[in-house]
2 protein chains.
Amino acid sequence: MFLSTVTNNLDAKGRVSVPADFRSTISNDSKRSPFDGIVIWPSLDGNFLEGGGISLMEDFQASLDLKEHYDPERSALQYAIFASSRQLAFDGGGRVSLPKDMHEFANLNGKVTFVGLGRRFEIWNPKLFEERRESILTLARESRHILKTSNSGDVR
Amino acid sequence: MFLSTVTNNLDAKGRVSVPADFRSTISNDSKRSPFDGIVIWPSLDGNFLEGGGISLMEDFQASLDLKEHYDPERSALQYAIFASSRQLAFDGGGRVSLPKDMHEFANLNGKVTFVGLGRRFEIWNPKLFEERRESILTLARESRHILKTSNSGDVR
DNA sequence: TTAATAATGGGATAACATGGGATTGTATGG
DNA sequence: CCATACAATCCCATGTTATCCCATTATTAA
């Protein structure tokens with residue numbers, strides 16, 4: 001499970017260390033398929049990247065298999081995620097190198113922020129993430145009374 | 001699993017490098033049947049090619065075997081895929097040579113784009129692919145809220 | 001303090017995509 | 001049956017890019 005938020009350096013070669021906690025999450029989970037690395041793709045929700053272990057893609061594959069072949073949703077998702085994604089292998093130090101087009105998409109330079117979100121994670125420009133975080137937390141505060149009454153402990 | 005999108009050169013001899021990731025996907029998967037290459041066929045959905053490893057054909061075969069011999073769907077698919085497909089072996093450098101009729105069908109000249117879609121991939125004229133990609137991603141963005149809920153929450 | 005885990009920098013090495021020539025194979029006609 | 005022409009395949013050479021490997025520093029744990 002991907003938890004916590006970590007900011008690491010993006011070096012001149014385009015490499016960045018994946019947080020050690022994320023790496024161990026991936027290696028624990030990847031007994032099924034032994035790709036030692038991550039998969040990332042550009043988000044549909046904004047200028048940041050989304051990612052996870054290869055098993056995330058396999059789960060996704062399985063859910064696509066349930067849809068009809070001609071289902072437009074199915075091909076939309078295949079293009080948006082499978083076709084737009086990249087597999088990035090870890091080097092000996094647990095780093096991956098982010099492709100240049102991904103740099104541009106997510107406005108990455110110097111530092112990148114990994115945001116753990118359970119099954120998957122996000123990769124942000126730290127400054128943009130801070131703005132996003134502020135606005136989302138504001139929203140959460142405003143609506144927290146709704147959360148209290150509407151469920152008993154299962155806040156997501 | 002076939003992931004990401006890669007554009008490579010089509011040389012004067014009609015050869016093109018299959019992306020290294022695709023090749024390793026095929027060789028990992030082909031323990032069942034050791035054909036070192038790909039299988040391609042003209043798509044039924046437009047002017048592009050579809051393809052995969054030989055194991056993909058075996059999966060098709062298996063699902064066709066579930067249908068009755070006289071099932072019209074069965075023979076239609078046999079004609080559309082098995083009869084229309086070609087096996088293309090890798091050369092020493094991981095290239096295949098695309099037959100001329102396939103060039104014409106998919107409007108290939110100079111550069112070709114490999115699009116990973118999980119179990120299979122597509123081969124496009126880069127320009128045509130870009131148009132298709134734009135329209136599909138637009139659709140995906142518009143319906144992404146639906147997509148989120150339809151995929152057990154966490155996979156977008 | 002010492003050892004162990006992480007993150008990071010940089011040089012050496014291997015992999016990949018690509019072009020061109022040489023060789024083999026295959027179909028066709030004599 | 002052999003000879004020829006054409007095309008397909010193999011093989012090697014190249015530049016570029018990515019990856020491997022080692023060294024250094026910082027942080028944490030024993």
Side-chain angles (χ1 to χ4, degrees), chain A residues 2-28 34-40 51 54 85-104 108-116 121 123-124 126, chain B residues 2-28 34-40 51 54 85-104 108-116 121 123-126 129:
Chain A
F2 301 110
L3 296 177
S4 90
T5 298
V6 177
T7 299
N8 285 336
N9 282 12
L10 185 64
D11 71 16
K13 290 182 177 178
R15 298 177 300 186
V16 61
S17 288
V18 174
D21 287 351
F22 286 24
R23 298 204 302 268
S24 66
T25 294
I26 287 168
S27 68
N28 288 337
F35 171 67
D36 194 31
I38 63 176
V39 179
I40 62 171
I54 189 75
S85 72
R86 304 285 302 262
Q87 292 188 63
L88 308 179
F90 295 136
D91 70 6
R95 289 174 293 192
V96 296
S97 57
L98 294 172
K100 290 184 198 64
D101 52 334
M102 298 283 189
H103 287 205
E104 291 165 13
L108 302 180
N109 41 19
K111 290 192 174 294
V112 304
T113 299
F114 288 83
V115 184
F121 55 83
I123 297 177
W124 283 82
Chain B
F2 299 109
L3 296 176
S4 94
T5 298
V6 177
T7 298
N8 285 335
N9 283 11
L10 185 64
D11 70 16
K13 292 181 177 179
R15 298 176 301 184
V16 62
S17 287
V18 175
D21 286 351
F22 286 23
R23 298 204 302 267
S24 66
T25 294
I26 287 168
S27 68
N28 288 338
F35 171 66
D36 194 31
I38 64 177
V39 179
I40 62 171
I54 190 76
S85 72
R86 305 283 301 262
Q87 290 189 61
L88 308 178
F90 296 136
D91 71 6
R95 289 175 292 193
V96 296
S97 57
L98 294 173
K100 289 184 197 63
D101 53 334
M102 298 282 189
H103 287 205
E104 290 164 15
L108 301 180
N109 41 19
K111 289 191 175 292
V112 303
T113 299
F114 289 82
V115 183
F121 55 82
I123 297 177
W124 283 81
N125 173 314
F129 171 67

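By convention in this document, chain letters (A, B, ...) are assigned in the order of the sequence lines, proteins followed by strands, and residues within each chain are numbered from 1.
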> Any side-chain N or O of A:Ser17 less than 4.0 Å from the OP1 or OP2 oxygen of C:dT8?
Replying inline: yes
> Could you give the CG-to-C1' distance, from A:Asp11 to D:dC21, as a whole number of Å?
Replying inline: 15 Å
>> Output the rounded distance in Å from CZ (B:Arg95) to P (D:dA13).
In response: 15 Å
> Rounded to the nearest Å, what distance is computed from the CG atom of residue B:Leu10 to the C1' atom of nucleotide C:dG19?
Replying inline: 13 Å
> What integer distance in Å separates A:Gln87:CD from D:dT19:P?
Replying inline: 11 Å
>> Would you say that A:Ile26 contacts A:Phe2 through its side chain, given a criterion of any heavy-atom pair below 4.5 Å between the two side chains?
In response: yes
> Which of the following nucleotides, C:dT18, D:dC10, C:dC16, is nearest to the side chain of B:Asn8?
Replying inline: C:dT18
> Nearest of C:dA17, C:dA6, C:dG11 to any side-chain atom of A:Ala20?
Replying inline: C:dA6
> Can you name the one residue among A:Leu98, A:Asp101, A:Val39 that meets side chain to side chain contact (heavy atoms under 4.5 Å, CB included) with A:Arg86?
Replying inline: A:Asp101
> Do A:Val16 and A:Val96 come within less than 4.5 Å of each other through their side chains, counting heavy atoms only?
Replying inline: yes
> Within this structure, what is the CG-to-P distance between B:Asn9 and D:dT14, rounded to whole angstrom?
Replying inline: 20 Å
> Does B:Phe90 or A:Gly93 map to a spot on DNA chain D nearer the 5' end, using the closest nucleotide for each?
Replying inline: B:Phe90
> What's the CG-P distance between A:Leu98 and D:dT17, to the nearest Å?
Replying inline: 18 Å
> Rounded to the nearest Å, what distance is computed from the CG atom of residue B:Asp101 to the C1' atom of nucleotide D:dA7?
Replying inline: 15 Å
>> What is the separation between atom CG on B:Leu88 and atom C1' on D:dA8, rounded to the nearest whole Å?
In response: 12 Å
> Among D:dA8, C:dG20, D:dT9, which nucleotide sits nearest the side chain of B:Arg15?
Replying inline: C:dG20
> Using a cut-off of 4.0 Å on non-hydrogen atoms, how would the nucleic acid contact of A:Val6 be classed: base, sugar-phosphate, or nothing?
Replying inline: nothing
>> Quick one, A:Thr25 with A:Leu3, criterion side chain to side chain contact (heavy atoms under 4.5 Å, CB included). Give me CA distance, side-chain angles, the key distance, then yes/no.
In response: CA-CA 9 Å; A:Thr25 294; A:Leu3 296 177; over 6 Å; no
> Please walk me through it: do A:Asn8 and A:Val18 pass side chain to side chain contact (heavy atoms under 4.5 Å, CB included)?
Replying inline: CA-CA 8 Å; A:Asn8 285 336; A:Val18 174; over 6 Å; no
